[in-house]
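In the text below, chain A, chain B and the rest are named by the order of the sequence lines, each starting its count at 1.
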Amino acid sequence: MPELPEVECLRRSLAPHLAGRRIVGVTVRDGRLREPVREAALAALLPARVAAVERRAKVLLVRLASGAALLVHLGMSGRLLVEPASAPWRPHDRLRLHLEGGDRLVYHDPRRFGRVVALAPGEGHPLLAGLGPEPLGEGFGGAHLARAARGRRRPVKPFLMDGRVVAGVGNIYACEACFAAGIHPAAPAGRLSAARWERLAAALRAVLAESIAAGGTTLRDFADAEGRGGLYQLRTRVYGREGEPCVACGRPIRRLTQSGRSTFYCPRCQRW
DNA sequence: AGGCAAACCTGTAAGC
DNA sequence: TGCTTACAGGTTTGCC
């Protein structure tokens, strides 16, 4: 579910609830996530005041005043919701973080692909290691993509989804960026011109910014801290639209499989 | 080294 | 209606 725009929308909706507030306890109901939840390690960080709510790639980081942090990755179906202390456990609620004043944060994840990890001050995590630049930040652009692609035969869409190349881009936005730039998703990365990399970098930034403004994409599971879904699924040009007419030329959108993932594209507007 | 398929787990939708 | 199959936003592992 959650690529960069979804995690950014979660971060923004969570920050007003958490900034400056104290987390006073944790209750793990079912810690069998992608990485087993270590309840004792989480409890050892608490109570603690939240210093900041940050995002890197698809990872949410709740920075604590002590210098420790809570790392949350939503996997495919995770949610992190603010709820009143009176709310009952629902199916697939995995753990609760208790906030001073009574509310709580509940981590909910049907597929269990997510993670909630306690990070000691200065401690890293494999999800944060070796990441490329943030596509909406400094240090990202066509020149960076061109450099990273030099000599690579990998198709451009899976190339964009490689977090070591650029952080936070998943299947939906890789498809949408290729369409917006007029680049065929199967074109070998190492063969694109500098001008086309510039177009692709600009298209990626535009697509991500548009999705954040729309509250992200909610295909099924995604919701922000208030439980609100996003609307970008109504604005995708190719993702999930196999057989529908292309918004630019009217030809039917096609689907192909790359690295085991569905790719949607327009065979006329997107060229090698 | 680079790139791919499969695996992790569960729910839903489509097909028969 | 009920069973079976395919597929889903991410990441890691292991194989070629």
Below the 4.0 Å mark, does [N] have OP1 or OP2 next to a side-chain nitrogen or oxygen of [X]?
| X | N | answer |
| --- | --- | --- |
| A:S262 | C:dA8 | yes |
| A:K58 | C:dT11 | yes |
| A:H73 | C:dT11 | yes |
| A:R261 | B:dA6 | no |

Taking only N/O atoms, report every protein-nucleotides 3-5 of chain B pair under 3.5 Å with atom names and distance.
residue, atom, partner, partner atom, Å
B:dG3, OP1, A:R153, N, 3.2
B:dG3, OP1, A:R154, N, 2.8
B:dG3, OP2, A:R152, NE, 3.1
B:dG3, OP2, A:R152, NH2, 2.9
B:dC4, OP2, A:S259, OG, 3.3
B:dA5, OP2, A:G260, N, 3.3

Among residues 235-246 of chain A, which contact DNA chain C at a heavy-atom distance under 4.0 Å?
A:Y239
Strictly under 3.5 Å: I want the nitrogen or oxygen pairs between protein and nucleotides 10-16 of chain B, one per line.
residue, atom, partner, partner atom, Å
B:dT10, OP1, A:R112, NE, 3.1
B:dT10, OP1, A:R112, NH2, 2.1
B:dG11, OP1, A:H92, NE2, 2.8

A:L160 CG - C:dG9 P separation (whole Å)
16 Å
Write down the distance separating the P atoms in C:dT11 and B:dA1, rounded off to the nearest Å.
23 Å
Under the salt bridge (charged side-chain N to carboxylate O under 4.0 Å, His left out) rule, collect the residues that match up with A:R254, sequence neighbours excluded.
none
So, using ring-ring contact (aromatic ring centres under 6.0 Å, His included) as the criterion, who are the partners of A:Y265 when residues are at least two apart?
A:H184
A:L219 side chain, from C-beta outward: closest of C:dG9, C:dG10, C:dC7
C:dG9
Can you run through DNA chain B from 5' to 3' and write each base as (, ), [, ], | or . depending on how it pairs? Watson-Crick or G-U wobble, both distances under 3.5 Å.
.|||||||.|||||||
Distance only, no hydrogens: is a donor on one side chain within 3.5 Å (strictly under) of an acceptor on the other, for A:E35 and A:H125?
yes
Which label fits A:H92 and A:H108: parallel for a plane angle under 30°, tilted from 30 to 60°, or perpendicular past 60°?
perpendicular
